Amino acid sequence: MMQKKRWMGLVLIVSGLTGTLSARCDANAQKLLRAYPHFLKTCSHNSIVWRDGTKMLYDDGKSKSFDRLLNHADIEDMFHYSYPQGSSGYSKTKAPSKNFDPGRIRNEAFFRKMYGNSAAQVHKNLVRIPWLNRSTGGRYRVTVTRINGVDRALAAVSDDLDRLIARKPSMKKYLVPLGGTFTWRHIAGTQRLSVHSFGAAIDINVKHSSYWRWSKGHYRYRNEIPLEIVRIFERHGFIWGGKWYHYDTMHFEYRPELLEESAAGESPRHFPVEKHKRANTSIQTIFHRDNTGNNF
């Protein structure tokens with residue numbers, strides 16, 4: 001009997017290993033390679049291969065609950081939910097399906113490797129750029145990373161938003177004052193880092209935003225952010241937290257791998273990535289004020 005149990009245990013172990021080893025690099029892995037070519041070289045034998053030779057397991061082959069997806073995501077899990085672009089998934093009152101959080105599933109090791117494993121490492125690549133320069137007379141500047149051209153992508157967002165405000169001045173109130181950009185912190189109630197920790201996210205005006213934890217009593221989806229603003233961010237590689245069941249309508253983060261094709265069939269604009277230079281000495285502090293108190 002003992003021998004039979006040992007044999008059955010061995011079969012289960014081998015089966016589990018076979019499931020992981022038989023996993024293959026898929027179309028989503030290729031999206032990562034195209035989104036982050038400065039860092040990623042290839043996907044081979046179920047591993048993402050970085051240009052410095054580092055290998056990371058792509059798919060652990062495990063079926064996961066929603067909580068495990070949040071807390072124990074592999075790289076492949078980041079594509080578990082398909083991000084809906086443009087008007088798809090957009091609403092002022094209708095909530096997404098329960099736990100539908102495209103982009104909120106993140107493999108933290110992947111982003112730490114790319115943007116920095118500590119506040120000090122991230123800080124080396126932070127820069128300050130104007131925000132809505134024409135609309136505000138140069139009043140606002142934001143602190144973001146230059147890795148992956150995030151600074152240039154956000155500058156392009158700002159330029160497009162300036163043009164939008166010139167046509168529709170009422171749009172300005174949703175965009176300033178800002179909630180925050182870079183701040184190294186954990187998501188409240190978890191040990192997971194916020195994307196703000198990497199300088200790759202921005203929160204727009206909190207006053208006109210909604211957040212799922214702010215709902216009192218029964219869950220209720222709310223959104224004031226106009227679709228025109230969301231479209232501009234998506235055009236330049238930023239996903240919007242308003243398309244999550246656990247909504248955060250002020251929140252945008254740079255995730256071009258989830259936005260390969262727009263609703264109009266266009267790919268988000270990518271910016272050539274410069275070699276990373278020494279930290280910008282004009283940045284005086286590691287931490288940028290974040291007034292949102294939110295979780296993402």
Side-chain angles (χ1 to χ4, degrees), residues 35 79 81-104 131-136 140 142 144 150 152-181 195-196 200-215 219-270 292 294-296:
F79 296 92
Y81 302 105
S82 180
Y83 182 85
Q85 301 177 53
S87 59
S88 178
Y90 176 87
S91 177
K92 288 292 184 72
T93 57
K94 185 179 179 181
S97 300
K98 187 172 182 179
N99 292 338
F100 181 77
D101 288 351
R104 193 168 166 243
W131 178 249
L132 304 184
N133 199 39
R134 281 171 285 175
S135 302
T136 67
Y140 294 94
V142 295
V144 292
V150 172
R152 280 166 285 165
L154 193 58
V157 168
S158 178
D159 288 344
D160 283 355
L161 290 173
D162 266 331
R163 285 187 279 271
L164 175 64
I165 292 168
R167 297 195 310 272
K168 296 183 177 182
S170 62
M171 294 290 172
K172 182 178 176 181
K173 67 182 180 182
Y174 301 105
L175 300 163
V176 287
L178 283 168
T181 52
V195 181
H196 288 281
I202 183 170
D203 287 341
I204 56 177
N205 192 354
V206 178
K207 183 178 178 181
H208 294 282
S209 300
S210 300
Y211 175 50
W212 71 280
R213 285 190 183 273
W214 295 345
S215 296
Y219 171 94
R220 178 180 157 195
Y221 181 86
R222 301 179 183 184
N223 170 40
E224 291 184 46
I225 308 302
L227 179 58
E228 294 100 316
I229 291 174
V230 176
R231 284 187 186 276
I232 287 172
F233 273 97
E234 289 181 348
R235 186 183 306 145
H236 296 289
F238 291 82
I239 64 169
W240 177 49
K243 291 185 176 179
W244 299 338
Y245 175 79
H246 297 92
Y247 60 91
D248 187 2
T249 67
M250 72 197 80
H251 180 87
F252 294 87
E253 64 184 77
Y254 188 70
R255 298 292 297 282
E257 72 276 16
L258 302 179
L259 289 161
E260 274 223 331
E261 290 188 358
S262 69
E266 300 175 349
S267 297
R269 184 178 175 191
H270 289 272
T292 66
N294 69 10
N295 274 5
F296 304 107

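What you see below is based on every heavy atom in this structure, not just the backbone, and it leaves out hydrogens, waters and symmetry mates. This is a predicted model, so every value here is computed, not measured.
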Under the 3.5 angstrom rule, does the side chain of Y219 hit a backbone N or O of H246 as a donor-acceptor pair? no

Under 3.5 Å, side chain of K243 to main-chain N/O of Y83, donor-acceptor pair present? no

Applying side chain to side chain contact (heavy atoms under 4.5 Å, CB included) to P177 and not counting sequence neighbours gives Y140, N205

Residues that E224 engages under side chain to side chain contact (heavy atoms under 4.5 Å, CB included), provided they are two or more places apart: Y174, H208

Note: A153 and F238 closest approach over all heavy atoms is CB-CE1, 3.8 Å

Could you state the interatomic distance from CD (Q85) to CD1 (I239), rounded to the nearest 0.5 Å? 10.5 Å

Show, in sequence, the C-alpha distance, side-chain angles and deciding distance for W240 and Y90, and conclude whether the ring-ring contact (aromatic ring centres under 6.0 Å, His included) test is met. CA-CA 10 Å; W240 177 49; Y90 176 87; 5.7 Å; yes

So if I apply the side chain to side chain contact (heavy atoms under 4.5 Å, CB included) rule between S209 and each of N223, I225, D203, which one comes out positive? I225

What's the spacing between I229 CD1 and M171 CE if we round to 0.5 Å? 5.5 Å

Enter the distance from K173:NZ to K207:NZ here, rounded to the nearest 0.5 Å. 9.0 Å

Short question: side chain of T136, backbone of L132 - any donor-acceptor pair under 3.5 Å? yes

Hey, does the side chain of D101 reach the backbone of Y245 with a donor-acceptor pair shorter than 3.5 angstrom? yes

Is it the case that atom NZ in K92 sees more than 12 heavy atoms from other parts of the structure closer than 6.0 Å? yes

Angle between ring planes, F233 versus F252, binned at 30° and 60°: parallel, tilted or perpendicular? parallel

Are the side chain of W244 and the backbone of P102 linked by a donor-acceptor contact shorter than 3.5 Å? yes

For the atom pair CG (L161) and CG (L175), what is the distance rounded to the nearest 0.5 Å? 5.0 Å

Which value, rounded to the nearest 0.5 Å, describes the distance between L258 atom CG and F79 atom CZ? 5.5 Å

Rounding to 0.5 Å, atoms CZ (R231) and CG (L164) come to a distance of 12.0 Å

Keeping Y81 on the side-chain end and N99 on the backbone end, is there a donor-acceptor pair under 3.5 Å? yes

Looking only at heavy atoms, which two atoms of T181 and V142 are closest? And how far apart? CG2-CB, 3.8 Å

Show, in sequence, the C-alpha distance, side-chain angles and deciding distance for R222 and W214, and conclude whether the side-chain contact (heavy atoms from CB on, under 4.5 Å) test is met. CA-CA 10 Å; R222 301 179 183 184; W214 295 345; over 6 Å; no

Contacts of R163 meeting side chain to side chain contact (heavy atoms under 4.5 Å, CB included) (sequence neighbours excluded), chain-then-number -> R134, D159, D160, R167

